[in-house]
There are 2 protein chains.
Amino acid sequence: MNRIKEIPFFSHLDKNGLKKLNDISTIKKYNSKEILFFEGEEPKHLHVLLDGVVRLYKTNHKGNQIFLHQFLPVSLIAELANFENIPYPATAEFTCRGEVLRVDYKKLEEGFFKNPELSFQIIKSLAGKLKIMSEVVTNEIVLTSEAKIAKFLVENGELFSSLKNTKVASLLNLTPETLSRTLTKFKKQEFIRIDDGLEILKLDDLVEMYAN
Amino acid sequence: MNRIKEIPFFSHLDKNGLKKLNDISTIKKYNSKEILFFEGEEPKHLHVLLDGVVRLYKTNHKGNQIFLHQFLPVSLIAELANFENIPYPATAEFTCRGEVLRVDYKKLEEGFFKNPELSFQIIKSLAGKLKIMSEVVTNEIVLTSEAKIAKFLVENGELFSSLKNTKVASLLNLTPETLSRTLTKFKKQEFIRIDDGLEILKLDDLVEMYAN
DNA sequence: GTAAAAATTTGACATATGTCAATGATAATG
DNA sequence: CATTATCATTGACATATGTCAAATTTTTAC
């Protein structure tokens, strides 16, 4: 109950509302690599990530994972499936131990959807998701690998420096080989330098590669 | 004003609400091939498609159009850009003459967002868009061309029969050549027959290609 | 500090799909 | 009906990116 009060999503609820919400929800702990839900599964709960990190991915025809997004607390996860009453469109997996609030969706719908503040929060969340998906489309369909990498270097330089290349490659849905080759190319062109962290030497040239 | 009353989105508004909405919106007509908005443009209005057909697409690095979705009346178009206050993520173009209701978004936000019924409609719309985007991702990233085509034949057989192959190819973001080759392949395998309309001979084999 | 494991780089090759060009088939127009 | 114009098919080739394997480097663990 105290946990629920701290969720920005529900923080505006009054005592009665909190109690009702508490009655239809449970908190569940997960370990790293545990699956919150599989692509294709029927949703019964609304999941609110309280703690830990969840990665969302689809699986392609060859069985490779296509990374879509990484969720940090506190966020709703795949609420689309609840609202549209469709199977989960992707798989959600914990990358470290964490916790979710599982809310019985049917009961939530009955009791809470008249609440304007909650509606507003849901709108925010959905719009955010839509933005994410739109970016996925841009990154995966519109951009070449080179452009994807250039964009990532410019926009996530810090993160790049802190991660192994294999990890970066998987975030970008590329093979480590492609990433490696592209990075050496960028180094040869003197767009970047890498020693103990990324240094961008020719920002404009990098940006040019993905912006239009 | 009468037009507004007929929009399901706003049909629940009372007289006063309708009047206020009417004051902040205008109806604009468009011809075929006219652009409603360009990718990257700053949104000022919420667009409600009242009449006509609008196709939404992105442009890739080579200047090719990547088809995302076709809107039929009555629908909100790219409201994401309004809600998130970001540039339009894609271009919207009329494929035939039509009409939109342009609502001054700032003013709408100030005056209407407390309305629970409207919020609910917006949630519905956003969730629908999210579903569309999720399908785009599935189609474009997860499936091979062959699978895309198989899926389209199974799910849109009627439409397939009524369209030229060039048109189908562009809906699927494929070249006509690839479509043609794949179709001949399916015919050779006796999955389909085409004479004066599509006939699916081996549904299971086709479905097998894209379902997992 | 050494051994084992993991990550990176590089080369050779595979593959799906696009591009271009030529030809044949259909449809549209006067 | 004849003539364009559009569409479909086919082949040869290009290209980006993945796959596999080997060599090298870096990191981790004892």
Side-chain angles (χ1 to χ4, degrees), chain A residues 32-33 57-67 95 138-153 159-189 192-198 209-210, chain B residues 33 57-67 95 138-153 159-189 191-198 209-210:
Chain A
S32 181
K33 308 227 169 142
Y57 60 83
K58 278 179 173 274
T59 307
N60 74 6
H61 55 107
K62 283 179 180 168
N64 299 327
Q65 296 179 0
I66 296 167
F67 172 81
T95 58
T138 300
N139 287 330
E140 299 302 313
I141 307 181
V142 176
L143 301 182
T144 61
S145 326
E146 213 174 83
K148 272 160 79 169
I149 295 169
K151 189 172 179 214
F152 190 83
L153 292 175
L159 187 55
F160 175 85
S161 296
S162 78
L163 293 176
K164 299 269 159 203
N165 285 0
T166 41
K167 198 80 199 144
V168 173
S170 110
L171 285 178
L172 295 175
N173 294 318
L174 297 173
T175 58
E177 291 93 331
T178 300
L179 178 60
S180 167
R181 287 187 239 269
T182 308
L183 287 176
T184 27
K185 195 169 151 198
F186 287 171
K187 285 184 230 163
K188 274 216 190 81
Q189 293 171 296
I192 58 170
R193 188 189 310 154
I194 300 178
D195 42 41
D196 199 42
L198 170 72
M209 307 187 80
Y210 63 86
Chain B
K33 308 229 169 140
Y57 60 84
K58 279 180 174 274
T59 306
N60 75 4
H61 55 106
K62 283 180 181 169
N64 300 325
Q65 294 180 0
I66 296 166
F67 172 82
T95 59
T138 301
N139 288 329
E140 300 301 314
I141 308 181
V142 176
L143 302 181
T144 61
S145 326
E146 213 175 83
K148 272 160 80 167
I149 295 169
K151 189 172 179 214
F152 190 82
L153 292 174
L159 187 55
F160 176 86
S161 297
S162 77
L163 293 177
K164 300 266 159 204
N165 284 0
T166 42
K167 197 81 195 132
V168 173
S170 111
L171 285 179
L172 295 175
N173 294 320
L174 296 173
T175 58
E177 291 94 330
T178 300
L179 178 60
S180 169
R181 287 186 240 269
T182 309
L183 287 175
T184 26
K185 194 170 152 198
F186 287 172
K187 284 183 232 165
K188 275 217 189 78
Q189 293 171 299
F191 289 177
I192 59 171
R193 188 188 311 154
I194 300 179
D195 42 40
D196 200 42
L198 169 73
M209 307 187 81
Y210 63 86

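Order of the sequence lines sets the chain letters (A, B, ...), proteins ahead of strands, with each chain counted from 1.
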Between C1' of C:dT9 and CG of A:L179, the distance in whole Å:
11 Å
If the cut-off is 4.0 Å, is A:N165 near the phosphate of D:dT26, judged by side-chain N/O to OP1 or OP2?
no
Can you tell me how far P of C:dT9 sits from CZ of A:F186, to the nearest Å?
14 Å
Could you check whether any side-chain N or O of A:T59 sits under 3.5 Å from a backbone N or O of A:N64, counting only pairs where one atom can act as donor and the other as acceptor?
no
Can you tell me how far C1' of D:dT27 sits from CG of A:D196, to the nearest Å?
15 Å
Is there a side-chain contact between B:T166 and the phosphate of D:dA8, meaning an N or O under 4.0 Å from OP1 or OP2?
yes
Result for side chain to side chain donor-acceptor pair (under 3.5 Å) between A:E146 and one of A:K151, A:K185, A:R181 points to A:K185
Okay, side chain of B:K58, backbone of A:V142: is any donor-acceptor separation there less than 3.5 Å?
no
Whether A:T182 side chain and A:T178 backbone form a donor-acceptor pair below 3.5 Å:
yes
Please report the distance, rounded to the nearest Å, between CD1 in B:I194 and C1' in D:dT9.
13 Å
Counting neighbours of CG on A:D195 that are heavy atoms of other residues, nucleotides or ligands and sit closer than 6.0 Å, is the number greater than 12?
yes
Shortest non-hydrogen contact from B:A147 to B:M209?
CB-O, 3.5 Å
I need the NZ-P distance between A:K188 and C:dT9, as an integer number of Å.
11 Å
Please report the distance, rounded to the nearest Å, between NZ in A:K164 and P in D:dT25.
16 Å
Nucleotide-resolved protein contact map, nucleotides 15-21 of chain D, B/S/- at heavy-atom distance under 4.0 Å:
--SSBB-
